[in-house]
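Could you have a look at this structure, given as structure tokens, before my questions?
These numbers come from the heavy atoms of this one structure, side chains and all, not from hydrogens, waters or symmetry mates. Counting convention: from 1, in listed order, for ligands and their atoms alike.
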Amino acid sequence: MRTIPYGRQHIDDDDVQAVAEALKSDYLTTGPRVGEFERAVADFSRAGHGVAVSNGTAALHAAMFALGIGPGDEVIVPPMTFAATANCVLYMGARPIFADVTPDTLLLDPAKAEAKITDRTRAIIGVDYAGQPCDWTALKAIADRHGLATVADGCHALGAEHDGKRVGTLADITVYSFHPVKHVATGEGGMVLTDDPALEERLRNFRNHGITTDARTRERSGMWFYEMRDLGYNYRMTDIQAALGTSQMKKLPAFLKRRRAIAARYDQAFAGTRVRPLAVRENALHAYHLYVVRVPNRDEVYKKLRENGIFAQVHYIPVHFHPYYRERLGTGEELCPAAEAAYDEILSLPMFPDLTDDEQGYVVDKVLEAV
Ligand SMILES: *Cc1c(COP(=O)(O)O)cnc(C)c1O
């Protein structure tokens, strides 16, 4: 039986060629291909600076470090996300505070976020869930009013726009992942974007042990000297990964076009049925990392799809439901009712550029049969 995943990468011969060239070059890591990839992603996102790191989780960690988040601080996060969005706050010894999402989009509800602000709050992390940007106009206004930093977890949203402004320009810091299910694949990989040169410098140091000069700068100046000023990590991306990333970026416009076409076809197929896609805000240009629907009998639909080789997924179990959070932070039921209600009904259907029309038709048939 054929199987259809919910997401997967698209790799061409020219991607393979780009990686092969990197492998035969002088630098496997900390070479020129990393900077090229950073430029490609930052330019595409219309952001000033990009700092490539080893994965999206490292990118979130670096963002928290760059903002100086520490013990005693609180950072507001939505629960409808991958655990890493909240974990990065814990890495810094600070406390993630869950604020609920808007029921129709599952994006952080600005009013709910504002209600959670205390004198310990330092930042708001908005997740551009499924590929749709948060209401960054509202979130920014709240952050400005209270003197908070904003971080966009844009792992789903490379190429999305809010009010004609691209993800990468909407928050003080934007974070991407290049895991194979995301828009652009590097195997493992991530990036942090910012317009602020001071934040950029902190991000660069953090990914390299907190050391203030990198290997190439030292090589150029012929100096053995370096010093460690912060407790950083080795979160570097290799040139092999960056070569793949730059090659993938050339295909991103085509990937986005195909994802949007698949979404339009799902929208049409489910109109007037018991399968309810999430709402898309009027001023949003969606990037469709995920195509999420709500169905009344989710577990049954999930099971039926699986029996037919369709591997749909649930994004996400609310983060505050995980045992670690329940046990250490005392979170649990009724903390975020909209996210919790959605959790019972949501399903991410196959959404990736290589999904064929035939496969999509088969998915639609099986979903409609199962509801
Ligand atoms: C994928 C993802 C991450 C983590 O990225 P990795 O590259 O897997 O570490 C963080 N947040 C969200 C919303 C994601 O989808």
(message) Can you confirm whether or not the ring centre of Tyr325 sits under 6.0 Å from the ring centre of Phe98?
(response) yes
(request) Examine Phe206 together with His61 and report whether their ring centres are nearer than 6.0 Å. (result) yes
(message) Could you report the tightest heavy-atom contact between Arg259 and His289, atom names first, then the distance?
(response) NH1-O, 3.3 Å
(request) For ligand 1, list the protein residues that place a heavy atom within a distance below 4.0 Å of one of its atoms, sorted by chain and number. (result) Asn55, Gly56, Thr57, Leu60, Thr81, Phe82, Thr85, Asp153, Cys155, His156, Ser177, Lys182, Gly189, Tyr316
(request) For the residue pair His162 and Thr137, confirm or rule out a side-chain donor-acceptor distance under 3.5 Å. (result) yes
(request) Take Glu36 and Arg33 through the salt bridge (Lys or Arg N to Asp or Glu O under 4.0 Å) test and state the conclusion after the steps. (result) CA-CA 5 Å; Glu36 277 168 35; Arg33 284 173 174 82; 5.6 Å; no
(message) If only side-chain N and O atoms count, and only distance matters, is there a donor-acceptor pair under 3.5 Å linking His183 with Gln248?
(response) no
